[in-house]
Enquirer: 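Encoded as structure tokens, here's the structure I'll be asking about.
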2 protein chains.
Amino acid sequence: MSTPTLRDVAEAAGVHAATASRALNPATRGLVNAKTARRVMKVAEQLGYRPNPIARGLKTAKSGTIGLVIPDLTNPLFPPIVRGIEDILEPAGYSGLIVNTDNDPHREQSQIERLRSRQVEGLIVATARVHHPLLERLHDEGVVMVMVNRRPEGVDVPSITPDDAAGIELAVRHLADLGHTRIAHVAGPQSTSTGVTRARAFRAAIRTLGLEDDPRLTATAAYWSEDAGADGLRVLLDDGQEFTAIVAGNDLIALGCYDVFHERGITCPDELSVVGFNDMPFLDKLRPPLTTVAIPHQQIGAEAARLLLDAIADPARATRSVSLPLSLVVRGSTARPG
Amino acid sequence: MSTPTLRDVAEAAGVHAATASRALNPATRGLVNAKTARRVMKVAEQLGYRPNPIARGLKTAKSGTIGLVIPDLTNPLFPPIVRGIEDILEPAGYSGLIVNTDNDPHREQSQIERLRSRQVEGLIVATARVHHPLLERLHDEGVVMVMVNRRPEGVDVPSITPDDAAGIELAVRHLADLGHTRIAHVAGPQSTSTGVTRARAFRAAIRTLGLEDDPRLTATAAYWSEDAGADGLRVLLDDGQEFTAIVAGNDLIALGCYDVFHERGITCPDELSVVGFNDMPFLDKLRPPLTTVAIPHQQIGAEAARLLLDAIADPARATRSVSLPLSLVVRGSTARPG
DNA sequence: CACGAGGCTGCACTCGTTTGCAGTACCTTT
DNA sequence: AAAGGTACTGCAAACGAGTGCAGCCTCGTG
């Protein structure tokens, strides 16, 4: 026979199913005789009874699942975030349902529909599009959600973001400490909020540290990609700019810089230092290993899950947002200027 | 008000809930008058009706979910597999529930318990332990499952595995074609089935290609790790063996070889060629980019999902197992012998 | 000793959907 | 015109657990 039901337990313990239900539920256990409760629990244990969450969900309108909306699990950015989320969800008795949107708005919409029809109790959204009417609508409909890696615009939704500005300052300060004075920035696309924030933070850090604040030392990559990063650095180089260090908008852009080094016979870190952003896996395997700003992905995920659970428990609570501190991982791509 | 229920639709369409149910379900639609069916469907559409899978699951004892048991999502091996699985599951109306075991048998057990109590209809297991009493028990209890990356021992369960032997032969043949005759192998731990299979395949390939079959050209790494790989190569080198190319048990071991090259001033590929195994992400970013055998991770996941869906649809069907062909990705770490 | 008050427990209904069975109406056939 | 079929449709009972309500028993109190 298959898994025992509540009735089986009740029968075996010689009580009514209702009593068994109350005995097994810590919240209602006080309503039943302590001795009876113990007996029921023991029988349940012996029979290996597991409450059927589907049946429970039907009655309580709670599914015990939450939806994780991400662009693509294959992007190494997300697995640690997901892991962090699951680690919090699991002890709380929740499970995560992952959907990939591939950054396609239609897919995103239909995937979220799927999640909603599966009765998820909340959403953790990690997709990156800036303006987002769908999310506004969901929020209006009372769907509980939390955003990750991006501060929502207009919508009153809690969010978890890395403190980009502080991270950039960490990078610049590290280079300044090494003795660099002319530092360049290959920024990410200025159509993304991260790209803008980091570029702005770069200039701010340069100024507060009293370094040379030359707008010509900033190039912009068209995409968050290796190729675009390489192009960005080439522009700087072909422009005849002089600099001894580069702060890249993210790790992929830094990898693009590596390609240009190779192509033009520049040695790193002797002639040019680079620091990346994100701390993707395997960066320590590069030659030279890349110095980068590490984002606490797992912690971000965990924090997001905690926020969501709070919001589910008490939807009225004021939305709060968290900005997590970053750290610098110093490896071999940065050194004193030659 | 919240999402409309089947009864709401039925009422709005002027029929009984049972009729609405039949009209909405393609399988039973033939039982109801075509005109009525159309009306019901139109009303459902207008009201934005979404069947509640929880209620449906309660009645049909099908949850529409399947469990994905993996050691750690953070390991870059798994995201593509998971992605491949989800891509098949989704159009079939299923969702995957991911759990991480961290290779801890206790955790594995409790996680699988969790999945079962959530009424998953099947399991895709990608954990690596060799002997596995838990899985045998589950199989005996009639739990439908599929194994990934590992052929089950003793248990009669379908599995999807990469064709390791063919992959190794690809690597050896590539090196032979380049002109190498004395090829070494830094094997993975011989306590793992993959380690054994690949080492055996290596010797077999050497012989079929008529190369020098010298047992002293094989060293064994104690773990699937960079350090262990480095140690393996050092043994070979210190032994005074002569060879011009290395087939590494996997990419991490190959990375270990890179470390030794660096440490002893050996240039790759001029003095020594290397080929890895797995095609981890970012291998193309190394200097030199690593030639390696690529495993079709996503396809493996997809195939596993297909097999599982088949098994769910028809549990009686004979278990079949699939071995997927691999391909060689030629990059910069292999060249003609100097 | 009678009565009221708790403390427990059981009854029965509910959640939203599916499905066997019974019924109705209409059509065909003899 | 009656009998039998067919094509629908409705009724009601599930699935497994949660919960308001009523009833029972027991104990304490006046």
Side-chain angles (χ1 to χ4, degrees), chain A residues 1-41 43-45 47-65 93 116-121, chain B residues 1-41 43-44 47-65 93 114 116-121:
Chain A
M1 58 159 255
S2 63
T3 65
T5 135
L6 180 60
R7 259 192 260 290
D8 296 335
V9 175
E11 208 162 316
V15 295
H16 191 269
T19 308
S21 168
R22 285 187 274 255
L24 260 14
N25 185 337
T28 51
R29 189 168 301 153
L31 295 176
V32 4
N33 185 302
K35 229 175 100 183
T36 318
R38 260 198 305 278
R39 179 157 40 94
V40 173
M41 291 168 67
V43 173
E45 171 75 15
L47 264 51
Y49 169 73
R50 300 261 136 206
N52 181 333
I54 301 198
R56 191 211 299 272
L58 180 56
K59 178 67 183 175
T60 60
K62 294 188 181 305
S63 62
T65 58
R116 293 198 65 194
S117 77
R118 273 200 184 271
Q119 315 292 118
V120 295
E121 292 181 44
Chain B
M1 58 158 256
S2 65
T3 65
T5 133
L6 180 61
R7 257 193 262 289
D8 296 334
V9 174
E11 207 163 316
V15 297
H16 192 268
T19 309
S21 169
R22 284 188 274 254
L24 261 14
N25 185 336
T28 51
R29 189 168 301 153
L31 295 176
V32 4
N33 183 303
K35 228 174 100 182
T36 317
R38 260 199 304 278
R39 180 158 39 94
V40 172
M41 290 167 69
V43 173
L47 265 51
Y49 169 72
R50 300 259 134 208
N52 181 333
I54 302 199
R56 189 210 303 271
L58 180 55
K59 179 65 184 176
T60 61
K62 291 184 182 309
S63 61
T65 58
R114 261 167 58 83
R116 293 198 65 195
S117 77
R118 274 201 183 270
Q119 314 292 120
V120 295
E121 292 181 43

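A note on names: the letters A, B, ... follow the listed sequences, proteins ahead of strands, and every chain is numbered from 1.
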Enquirer: Heavy-atom distance under 4.5 Å between the side chains of B/Ile54 and B/Leu58, does that happen here?
Expert: no
Enquirer: Under 3.5 Å, which donor-acceptor pairs link side chains of residues 21-31 of chain B to any protein atom two or more places apart or in another chain?
Expert:
from, atom 1, to, atom 2, distance (Å)
B/Asn25, OD1, B/Ala27, N, 2.9
B/Thr28, OG1, B/Arg22, O, 3.1
B/Thr28, OG1, B/Asn25, O, 3.2
B/Arg29, NE, B/Ala23, O, 2.7
B/Arg29, NH2, B/Leu24, O, 3.3

Enquirer: Tell me: CG of B/Leu58 to P of C/dT14, nearest whole Å?
Expert: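 Spelled out: CG on B/Leu58 to P on C/dT14 is 16 Å.
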Enquirer: Look at the side chain of A/Arg22 and decide which nucleotide, out of D/dA14, D/dA17, C/dG10, has an atom nearest to it.
Expert: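 Output: C/dG10.
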Enquirer: Report the nucleotide, chosen from D/dG18, C/dT19, C/dG16, that has the shortest atom-to-atom distance to any side-chain atom of B/Ser21.
Expert: C/dT19
Enquirer: Check whether any side-chain nitrogen or oxygen of A/Thr5 sits under 4.0 Å from OP1 or OP2 of D/dG16, and answer yes or no.
Expert: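 No, because none of the side-chain N or O atoms of A/Thr5 sits under 4.0 Å from OP1 or OP2 of D/dG16.
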Enquirer: Nearest to the side chain of A/Arg7 - C/dT19, C/dC11, D/dG16?
Expert: D/dG16
Enquirer: Nearest to the side chain of B/Arg56, which nucleotide is it out of C/dT18, D/dG18, C/dG16?
Expert: C/dT18
Enquirer: NA contact type, A/Ile54, heavy-atom cut-off 4.0 Å: base, sugar-phosphate, or nothing?
Expert: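 It contacts nothing in the nucleic acid.
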Enquirer: Starting from P on C/dG10, measure out to CG on A/Leu6 and report it in whole angstrom.
Expert: 12 Å
Enquirer: Mind checking B/Thr36 for me? I need base, sugar-phosphate or nothing, with any heavy atom below 4.0 Å counting as a touch.
Expert: sugar-phosphate
Enquirer: Out of C/dT9, D/dT9, D/dC11, which nucleotide sits closest to the side chain of A/Asn33?
Expert: C/dT9
